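Only one structure is covered here, and it is reproduced in the block below.
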Amino acid sequence: QVQLVESGGGLVQPGGSLRLSCAASRSIYSFKTMGWFRQAPGKQRELVASISSGGTTNYGDVAKGRFTISNDNAKNTLYLQMNNLQPEDTAVYYCNANGVVIVGRGGLQNTHYPEIWGQGTLVTVAS
């Protein structure tokens, strides 16, 4: 089994910055896309940003101009740099991976996972 573990959330004042991280619990051989979604209370989950294995990035309207997605393949970690945070950015932020192939352990073959979600990390923007 493989897990995506988010970290970096917390309380920040309006105008502040946070950097979220999403670490895979096992080595990723390949993936189709990885991304960040968020869900505010009473609202649907929405795309924040995604990145393809080729490095192509896609941003939701909520992120354009303020957030930057990146990944470090060597560390099996996805990042989201968030600047100029506003109260409306308050939400649980989830890491997502699509079309993931995980390196097999002990000579076992690699394993394909169609989709994996992290447990989420809470970001609260308030003064």
Side-chain angles (χ1 to χ4, degrees):
Q1 192 62 279
V2 61
Q3 293 180 320
L4 298 177
V5 181
E6 300 100 332
S7 61
L11 174 64
V12 63
Q13 292 186 341
S17 298
L18 282 176
R19 188 194 195 201
L20 305 184
S21 299
C22 169
S25 60
R26 292 176 56 187
S27 295
I28 297 175
Y29 178 79
S30 66
F31 65 92
K32 183 178 180 180
T33 62
M34 295 188 71
W36 292 95
F37 290 74
R38 73 184 190 184
Q39 188 166 18
K43 294 187 177 181
Q44 290 187 333
R45 191 170 297 189
E46 61 181 348
L47 171 71
V48 177
S50 67
I51 187 167
S52 73
S53 59
T56 300
T57 57
N58 178 46
Y59 292 93
D61 289 340
V62 299
K64 291 179 180 177
R66 299 187 300 137
F67 298 173
T68 302
I69 189 171
S70 62
N71 69 308
D72 186 331
N73 291 329
K75 295 182 178 180
N76 300 300
T77 301
L78 182 72
Y79 303 99
L80 183 69
Q81 177 66 42
M82 303 188 294
N83 298 326
N84 191 24
L85 285 161
Q86 300 299 318
E88 53 267 33
D89 295 315
T90 296
V92 177
Y93 285 70
Y94 296 92
C95 178
N96 171 271
N98 273 286
V100 185
V101 177
I102 300 299
V103 176
R105 289 174 169 170
L108 296 177
Q109 65 183 10
N110 297 342
T111 304
H112 175 259
Y113 294 85
E115 187 171 51
I116 307 171
W117 286 94
Q119 83 288 349
T121 185
L122 177 63
V123 172
T124 303
V125 185
S127 54

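What you are looking at is a predicted structure, and each value in this text was computed from that prediction instead of being measured. In this chain, residues are counted from 1 in sequence order.
Residue Ala24 comes nearest to Ile28 through the heavy atom pair CB-CD1, 3.8 Å, listed as atom of the first residue, atom of the second, then distance. In plain terms, the two heavy atoms of Val5 and Gln119 that are nearest each other are CA-OE1, 3.8 Å. When all heavy atoms of Ala91 and Gln39 are compared, the pair lying nearest together is CB-O, 3.4 Å. Among all heavy-atom pairs drawn from Tyr59 and Ala49, the shortest one is CD2-CB, 3.5 Å. Thr77 and Ser21 make their closest contact through CG2-CB, 4.3 Å (heavy atoms, listed as atom of the first residue, atom of the second, distance). Closest approach of Ala40 and Thr90 over heavy atoms only: CB-O, 3.6 Å.
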Is there a side chain to side chain contact (heavy atoms under 4.5 Å, CB included) between Leu20 and Thr121 once you walk through the steps?
CA-CA 8 Å; Leu20 305 184; Thr121 185; 4.0 Å; yes
So Thr68 and Leu80, side chain to side chain contact (heavy atoms under 4.5 Å, CB included) or not? Walk me through it.
CA-CA 6 Å; Thr68 302; Leu80 183 69; over 6 Å; no
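Judged purely by atom type and a 3.5 angstrom limit, Trp36 uses its side chain to pair as donor or acceptor with the backbone of Tyr79.
Put simply, the side chain of Thr124 does not reach to within 4.5 Å of the side chain of Val12, judged on heavy atoms. Contact annotation: the side chain of Met34 never approaches that of Asn71 to less than 4.5 Å [non-hydrogen atoms, C-beta and beyond]. Within the 4.5 Å cutoff, the side chain of Leu78 has heavy atoms near those of the Ile69 side chain. At a threshold of 4.5 Å between non-hydrogen side-chain atoms, the residues Trp117 and Glu6 do not count as touching. Between Phe67 and Leu85 there is a side-chain heavy-atom pair separated by less than 4.5 Å. Between Val123 and Asp89 the shortest side-chain heavy-atom distance does not fall below 4.5 Å.
For Glu115, the CD atom is densely surrounded, since the number of other residues' heavy atoms within 6.0 Å is greater than 12. When the shell of 6.0 Å around CD of Glu88 is examined, it contains more than 12 heavy atoms from other residues, nucleotides or ligands.
Grouping the Ile, Leu, Val, Met, Phe, Trp and Tyr side chains by contacts below 4.5 angstrom, directly or via other members, places Tyr94 apart from Leu4. Under a hydrophobic clustering in which Ile, Leu, Val, Met, Phe, Trp and Tyr are joined whenever their side-chain heavy atoms come within less than 4.5 Å, directly or via other members, Val48 and Phe31 fall into the same cluster. Ile51 and Leu47 fall into different hydrophobic clusters, where Ile, Leu, Val, Met, Phe, Trp and Tyr residues are linked whenever their side-chain heavy atoms come under 4.5 Å apart, directly or through other members. Under the 4.5 Å side-chain heavy-atom criterion for grouping Ile, Leu, Val, Met, Phe, Trp and Tyr, Val100 is connected to Val2 within one hydrophobic cluster. Hydrophobic clustering (side-chain heavy atoms under 4.5 Å, transitive across Ile, Leu, Val, Met, Phe, Trp, Tyr) keeps Ile116 apart from Val101.
Annotation: the span from Asn110 atom CG to Ser27 atom OG amounts to 10.0 Å, rounded to 0.5 Å. Atom-to-atom distance recorded for Asn96:CG and Phe37:CZ is 5.0 Å, nearest 0.5 angstrom. Here Arg26 contributes atom CZ and Arg105 contributes atom CZ; the two are 4.5 Å apart, rounded to the nearest 0.5 Å. Atoms CG and NZ, on Asn58 and Lys64 in that order, are 7.5 Å from each other to the nearest 0.5 Å. With values rounded to the nearest 0.5 angstrom, Thr111 atom OG1 is found 8.0 Å from Ile102 atom CD1. Remark: Glu46 CD to Gln44 CD distance equals 9.5 Å, nearest 0.5 Å.
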